[in-house]
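Scroll down for the structure; my scribbles are underneath it.
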Amino acid sequence: MLTTLRIQAEDFDLAEQYSLLRSSSPATTEIGAIVTFTGLVREFEPRSRDHNDDGGALDGMRLQHYPGMTEKLLQGIIDDAAQRWPLLAVTVIHRVGHLAPCDQIVFVGVASEHRQPAFQAAEFIMDYLKTRATFWKQITIDGQPRWVDSKDSDTTAARRWDAQCDG
Amino acid sequence: MLTTLRIQAEDFDLAEQYSLLRSSSPATTEIGAIVTFTGLVREFEPRSRDHNDDGGALDGMRLQHYPGMTEKLLQGIIDDAAQRWPLLAVTVIHRVGHLAPCDQIVFVGVASEHRQPAFQAAEFIMDYLKTRATFWKQITIDGQPRWVDSKDSDTTAARRWDAQCDG
Amino acid sequence: MAENPATGWWGTLRLIRLHFFGRLSDLATQVPSRCAGETPHAIRQWLAEDFPELAVQLNEPQVLVSVNHCIVDWQTPLTDGDEVAFLPPVTGG
Amino acid sequence: MAENPATGWWGTLRLIRLHFFGRLSDLATQVPSRCAGETPHAIRQWLAEDFPELAVQLNEPQVLVSVNHCIVDWQTPLTDGDEVAFLPPVTGG
């Protein structure tokens, strides 16, 4: 399986990533399905749990991560996905540093023979990335920076896959 | 919601479709997630249920459809998805006519505020497209054309969503 | 070939356009593109007279029939100008 | 500020590198990047003396601790050269 894993300040190009997934697998003619996920910076963030602000329009965002640990965790998530589903290629790219509304944040791409493993692995990787990978978002609204709260819905999303293991 | 629905002999360009999803929604700055699915022609097809061939390397494929009915069915599938999840943009492109191994067959793209509706709607649309949309594949192996059998796994995949309605 | 009821003088004329897809299309190349018939079932019975191989396929339970792009019951009454299509299991995507 | 145990003459020297992330990083700008400590828990207690606001956050049950990039128990024994990081709930993706 071809694995591409990058943490970078620069933007990424979906077409380039798709082309890599489509062409560089050891068995390109076996690929029947490619699923891509792209996460983008939304302009409006909901109200914080801990703060009394009303949410509002984002000036921008800063993404911090833990170099060394993040790569290790993401590689572990990709390896887990490859254990669960027959995958031909996986790409994960996560940006760090300063981002503006509408910017691309994260890319997950999965190539497989069939659509179900591709969909499920892409969703699995995103669910685990959201709950386990060492990234932290700080958003700025009206000039005020604040750290984003983690979401219960993300924890619930990741737990779906745990339940599948038990069953 | 922006809907793009095309049945065409020509190939499609993922970057162009992604760009359309990303930019042409009435609320572009609300898009937080874009999921794309691309189906490709695999070089090897499994053995047919009804024939005594061993499968083998594909010379090519011909996709037939029922003009008029296909568009109506696909629009119905997109409308169903939009009823179930809060979507900002949906694109479905399906090719017809002659295709070669590694060619792109089908594209589904979904833009939403959050990743879960985007993933689920894209998978839902593909599951229903596979089981309900009036397309028929004829593959040619060693110069012998044969019509592809429908897959039980596709019917099962589509039924998952019915079960969710009942529950 | 049995007399095409569309061309007969008897009864109400219901001129129906016929379409066949997938593996059915290979077996239906000689079928006239129009015929008469009170229901899709009646058309299928009429086809059995001259196209027995096609009729075997049409009787498969997975084959669906549509009238004017809607999947219907085989006993649905037809009216003049209806478009009837015989649809084996779909295999797109 | 309490005497940094890393610089004391007593006991075994365990020089630990410290990292703070997310909202913890804003409260830890004055914390020395190295200290000594037998466990992450001991380091947290030592930090409470001079950085009470940080300590409140470190005691939140959602805050995890890693040693050399592995999530560990707060009572894990540390050895010289270990890298300890205090991790609030992650919010990437």
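Order of the sequence lines fixes the chain letters, A, B, ..., with proteins taken first and strands second; residue numbering starts at 1 for each chain.
- Only the backbone of A/R132 comes within less than 4.5 Å of a heavy atom of chain D; no side-chain atom from C-beta onward does.
- The environment of A/Q83 atom CD is sparse: at most 12 non-hydrogen atoms of other residues, nucleotides or ligands sit within 6.0 angstrom.
- Looking at A/S150 and D/Q62, their side chains never come closer than 4.5 Å, going by heavy atoms from C-beta outward.
- Both the backbone and the side chain of D/I71 come within contact range of chain A, with heavy atoms under 4.5 Å apart.
- Taking the side chain as every heavy atom from C-beta outward, D/R23 and A/D149 approach each other to under 4.5 Å.
- Here the closest heavy-atom approach between residue A/Y66 and residue D/S66 is recorded as CE2-OG, 3.7 Å.
- In this structure, A/W136 and D/F21 have parallel ring planes: the angle between them is below the 30° cut-off, well short of the 60° mark.
- Within 6.0 Å of atom CD in A/Q8, more than 12 heavy atoms from other residues, nucleotides or ligands are found, so the atom counts as buried in its surroundings.
- Between chain D and the options A/Q138, A/H65, A/K72, the largest number of non-hydrogen pairs under 4.5 Å is found for A/K72.
- Of all the heavy atoms in D/T91 and A/V148, the pair that sits closest is CG2-O, 3.3 Å.
- Of all non-hydrogen atoms in A/Q64 and D/S25, the two that sit nearest each other are NE2-OG, 3.4 Å.
- Taking 4.5 Å as the limit, every side-chain heavy atom of A/W147 sits out of range of all side-chain heavy atoms of D/P88.
- Salt bridge absent: A/R146 and D/D26 never bring a charged side-chain N and a carboxylate O closer than 4.0 Å.
- Looking at A/K130, both its backbone and its side chain come within 4.5 Å of chain D, counting heavy atoms on both sides.
- Contact count against chain D (heavy-atom pairs under 4.5 Å) is highest for A/M69 among A/M126, A/R95, A/M69, A/H94.
- The minimum heavy-atom distance between A/T134 and D/V90, with the atom names listed, is CA-CG1, 3.7 Å.
- When the shell of 6.0 Å around CD of D/E38 is examined, it contains 12 or fewer heavy atoms from other residues, nucleotides or ligands.
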